[in-house]
Amino acid sequence: MGYVVSKSTFCTLLTFTLLSYFTKVSSSHLSLPLPPTFSIIFLPLIPIIAYFFIHFISNHSSNLPPGPLSIPIFGNWLQVGNDLNHRLLASMSQTYGSIFLLKLGSKNLAVVSDPALATQVLHNQGIEFGSRPRNVVFDIFTGNGQDMVFTIYGDHWRKMRRIMTLPFFTNKVVQHYSNMWEEEMDQVVHDLNKDEGAKTEGIVIRKRLQLMLYNIMYRMMFNAKFESQEDPLFIEATRFNSERSRLAQSFEYNYGDFIPLLRPFLRGYLNKCRDLQSRRLAFFNHYFVEQRRKIMAANGEKHKISCAIDHIIDAQIKGEISEENVLYIVENINVAAIETTLWSMEWAIAELVNHPTIQRKIRDEISIVHKGAPVTESNLHELPYLQATVKETLRLHTPIPLLVPHMNLEEAKLGGYIIPKESKVVVNAWWLANNPACWKDPEEFRPERFLDEECGTEAVAGGKVDFRYLPFGMGRRSCPGIILALPILGLVIAKLVSNFEMMAPQGVEKIDVSEKGGQFSLHIANHSTVVFNPIKA
Ligand code: HEM
């Protein structure tokens with residue numbers, strides 16, 4: 001703030017100096033040969049020229065990262081627009097370099113676009129850049145940081161992450177639940193086999209996979225499941241979550257977030273968010289959390305812990321977290337776990353339909369390695385081509401292309417530049433994984449690249465980290481759900497490919513894989529209709 005005030009004061013002083021100089025010059029008898037129109041045209045421009053001059057000088061002297069010149073109040077917002085997606089930011093990095101700074105109204109956005117700087121943000125300087133930026137809408141959806149995903153780096157985050165790890169993010173959890181996952185997936189295969197439409201004109205597979213993923217996550221969380229896509233509770237849960245995503249991901253509220261003066265105009269939008277959030281949390285509480293509390297209470301002091309939320313409630317009973325924190329953990333899992341994994345499945349299926357040879361290779365690998373035995377979580381590691389297909393999907397179609405934004409609570413240094421305190425810092429993970437300078441033919445869907453060319457490219461390979469490939473982030477704020485998401489994705493693809501030949505509907509040459517993004521997300525623009533042709537045993 002001090003920097004902004006001194007800059008504008010300096011700017012005003014310079015303007016007055018220039019103005020008085022020109023006034024003196026034009027009124028003196030020794031006047032310079034200035035045409036009379038000069039003062040009419042030039043004088044009003046002086047403040048603007050002075051501003052840009054000062055801006056240029058001060059940016060250089062304070063060593064901020066490069067970036068386009070910004071104007072007062074709006075910063076660069078009018079130039080760059082609302083939709084600062086991964087592709088636009090990647091193209092700007094070609095002009096301004098691997099770190100650049102945008103001013104969005106009163107806020108700073110630092111964009112990092114190369115692996116070495118990503119290492120700094122996520123790993124070496126992981127503590128400095130380990131917070132999350134606040135924003136008017138997320139403040140509502142997180143109860144001002146009572147959750148884990150969007151809270152600042154500190155004691156609250158550490159406690160929440162520790163409490164969530166035991167019931168959600170360990171190998172033991174994976175082993176405990178993998179049979180249940182497979183049961184839910186086998187049910188999908190069974191339903192597709194029964195569905196005549198799926199074999200002829202095809203179906204929008206997202207809907208069935210959505211039910212499967214909700215059931216996987218709700219069985220892990222609450223020991224509860226939805227009966228069908230028509231189950232009223234399922235309809236309500238998906239409606240609440242998609243409305244929450246729509247409101248949080250929209251670019252509509254940027255103006256009020258960037259320019260505090262305009263915030264009063266956002267009142268209607270924020271009230272809509274508040275209303276949705278209170279009804280949504282009440283829904284989670286009434287139908288799911290309270291049910292578990294009753295079961296636990298009925299079992300007395302020595303209650304048996306039989307699902308994830310029981311662990312979380314137990315931590316609350318011990319006084320480690322509040323009742324609100326319990327609900328925000330449920331909210332975080334609904335947001336972070338389900339849609340991200342679902343988008344990845346949709347992309348994988350669409351790419352497999354468009355690449356029948358890759359489908360065949362996966363099928364062959366499974367039958368050669370497992371010789372008719374089923375693919376299970378415990379033997380997935382014997383299928384490298386299948387795993388490479390999952391990785392390739394997340395490389396080409398990174399579901400959270402800019403990661404969840406990071407933030408530095410205090411002024412920090414990065415790549416030799418100063419990052420002002422409380423800047424939003426995004427790592428363009430999509431560009432790291434799709435930059436032609438780092439990857440051969442990055443626009444091609446080619447799982448082989450993970451086996452042949454870039455041998456050893458792993459999100460985490462024996463402690464070796466490749467910072468070109470970060471679909472789950474890296475370091476302290478990286479995605480703990482990777483331990484669930486990768487096997488779930490591998491198993492679903494294995495089951496679908498070994499039971500069906502997945503094809504585009506008749507008359508459609510290729511499935512449309514165009515993308516649609518939001519503030520954070522990247523998903524397929526049109527949910528694919530796919531024909532599931534059963535493979536005869
Ligand atoms: C394909 C599926 C998924 C993808 C691509 C994905 C990606 C990500 C990314 C990019 C981040 C932010 C990393 C950063 O800020 O540096 C993140 C954070 C997170 N993810 Fe995931 N995720 C997936 C699935 C899941 C699942 C299944 C769960 C839980 C069951 C989960 C829980 C979380 C949580 C709790 C965080 C916040 C971590 C923190 O702030 O400390 N994610 N995820």
Side-chain angles (χ1 to χ4, degrees), residues 122-123 126 130 147-149 151 153 155-185 212-225 288-289 292 296 303-318 320-321 325-338 340-341 344 375-383 387 390-391 394 400 404 458-465 470-492 494:
L122 304 175
H123 182 62
D147 70 327
M148 190 271 250
V149 180
T151 198
Y153 183 81
D155 288 344
H156 171 71
W157 169 79
R158 253 188 300 277
K159 190 167 56 181
M160 293 285 271
R161 186 140 174 160
R162 175 177 54 75
I163 289 169
M164 286 174 79
T165 298
L166 187 67
F168 287 107
F169 308 125
T170 63
N171 278 321
K172 217 170 147 191
V173 172
V174 173
Q175 281 156 20
H176 182 74
Y177 283 111
S178 57
N179 285 345
M180 176 272 277
W181 301 346
E182 287 174 34
E183 197 184 295
E184 290 295 332
M185 293 170 192
M212 179 197 80
L213 272 174
Y214 267 82
N215 277 342
I216 287 178
M217 291 320 303
Y218 274 59
R219 284 176 80 176
M220 289 177 72
M221 262 196 293
F222 306 114
N223 237 348
K225 71 173 279 178
F288 299 99
V289 179
R292 292 310 312 171
M296 287 172 81
H303 51 256
K304 186 169 149 286
I305 288 184
S306 55
C307 57
I309 220 68
D310 292 1
H311 280 276
I312 309 290
I313 292 173
D314 206 46
Q316 182 229 312
I317 292 169
K318 288 180 185 144
E320 292 185 68
I321 51 172
N325 295 147
V326 175
L327 283 180
Y328 281 104
I329 287 176
V330 174
E331 115 82 31
N332 275 180
I333 295 291
N334 271 271
V335 169
I338 300 175
T340 43
T341 317
S344 315
V375 180
T376 62
E377 187 280 321
S378 57
N379 62 29
L380 268 179
H381 67 278
E382 294 164 15
L383 303 168
Q387 295 194 18
V390 172
K391 281 187 194 163
L394 298 171
I400 313 191
V404 178
E458 295 276 346
V460 183
K464 179 177 157 283
V465 177
L470 301 171
F472 294 94
M474 181 48 60
R476 288 166 183 77
R477 296 309 291 257
S478 68
C479 176
I482 185 174
I483 197 168
L484 312 178
L486 288 181
I488 289 176
L489 286 169
L491 280 170
V492 163

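Note that the structure is predicted; figures quoted are calculated from it, not measured. Residue numbers run from 1 in the order of the sequence given.
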Sidechain-backbone polar pair: Lys159 side chain, Glu320 backbone, donor-acceptor under 3.5 Å: yes

- request: Identify the heavy atoms of Gly490 and Leu380 that sit nearest to each other, and give their distance.
  value: C-CD2, 4.1 Å

- prompt: What distance do Ile321 atom CD1 and Ile313 atom CD1 have between them, rounded to the nearest 0.5 Å?
  reply: 9.5 Å

statement: So CG of Leu489 and CD of Gln387: to nearest 0.5 Å the spacing works out to 11.5 Å

- prompt: What pairs with Arg161 under side-chain contact (heavy atoms from CB on, under 4.5 Å), at least two apart in sequence or on another chain?
  reply: Met148, Trp157, Thr165, Ser478, Pro480

Option from Leu213, Thr376, Asn215, Leu484 for which side chain to side chain contact (heavy atoms under 4.5 Å, CB included) with Trp181 holds: Leu484

For Phe288, ring pair (Phe, Tyr, Trp, His ring centres under 6.0 Å) partners two or more places apart: Tyr218, Phe222, Phe283

Gap separating the CD1 atom of Ile338 from the CE atom of Met217, nearest 0.5 angstrom: 6.5 Å

query: Is there a donor-acceptor pair under 3.5 Å between the side chain of Arg477 and the backbone N or O of Gly130?
result: yes

query: Is any side-chain heavy atom of Asn223 less than 4.5 Å from a side-chain heavy atom of Asp310?
result: no

task: Report the C-alpha separation of Phe169 and Val173 in whole Å, then their side-chain angles, then the decisive distance to 0.1 Å, and conclude whether the side-chain contact (heavy atoms from CB on, under 4.5 Å) test is met.
output: CA-CA 7 Å; Phe169 308 125; Val173 172; over 6 Å; no

- prompt: Side chains of Gln316 and Asn325: closer than 4.5 Å at any heavy-atom pair?
  reply: no

task: Would you confirm whether Asn334, through its side chain, and Val330, through its main-chain N or O, come within 3.5 Å as a donor-acceptor pair?
output: yes

- prompt: Any side-chain heavy-atom pair from Met180 and Lys225 closer than 4.5 angstrom?
  reply: no

- prompt: Are Glu377 and Leu491 side-chain neighbours, meaning at least one heavy-atom pair lies under 4.5 Å?
  reply: yes

message: With rounding to the nearest 0.5 angstrom, report the CG to CD1 distance, Asp314 to Ile305.
response: 4.0 Å

- request: Rounded to the nearest 0.5 Å, what's the gap from CD on Glu182 to CE on Met185? Could you check?
  value: 7.0 Å

message: More than 12 heavy atoms of other residues, nucleotides or ligands under 6.0 Å from NE2 of His123: yes or no?
response: no

- request: With side-chain contact (heavy atoms from CB on, under 4.5 Å) as the test, would you mind laying out the steps for Val375 and Leu383 before giving the verdict?
  value: CA-CA 9 Å; Val375 180; Leu383 303 168; 3.8 Å; yes

message: Is any side-chain heavy atom of Arg292 closer than 4.5 Å to one of Ser306?
response: yes

task: To the nearest 0.5 Å, tell me how far Cys479 SG sits from Leu470 CG.
output: 12.5 Å

task: Step by step, work out the side-chain contact (heavy atoms from CB on, under 4.5 Å) result for Leu486 and Phe472.
output: CA-CA 10 Å; Leu486 288 181; Phe472 294 94; 3.9 Å; yes

- prompt: Within a strict 4.5 Å, meaning less than it, do heavy atoms of the Met220 and Ile333 side chains meet?
  reply: no

field: Closest non-hydrogen atom pair between Gly126 and Arg476, with its separation
entry: CA-NH1, 3.8 Å

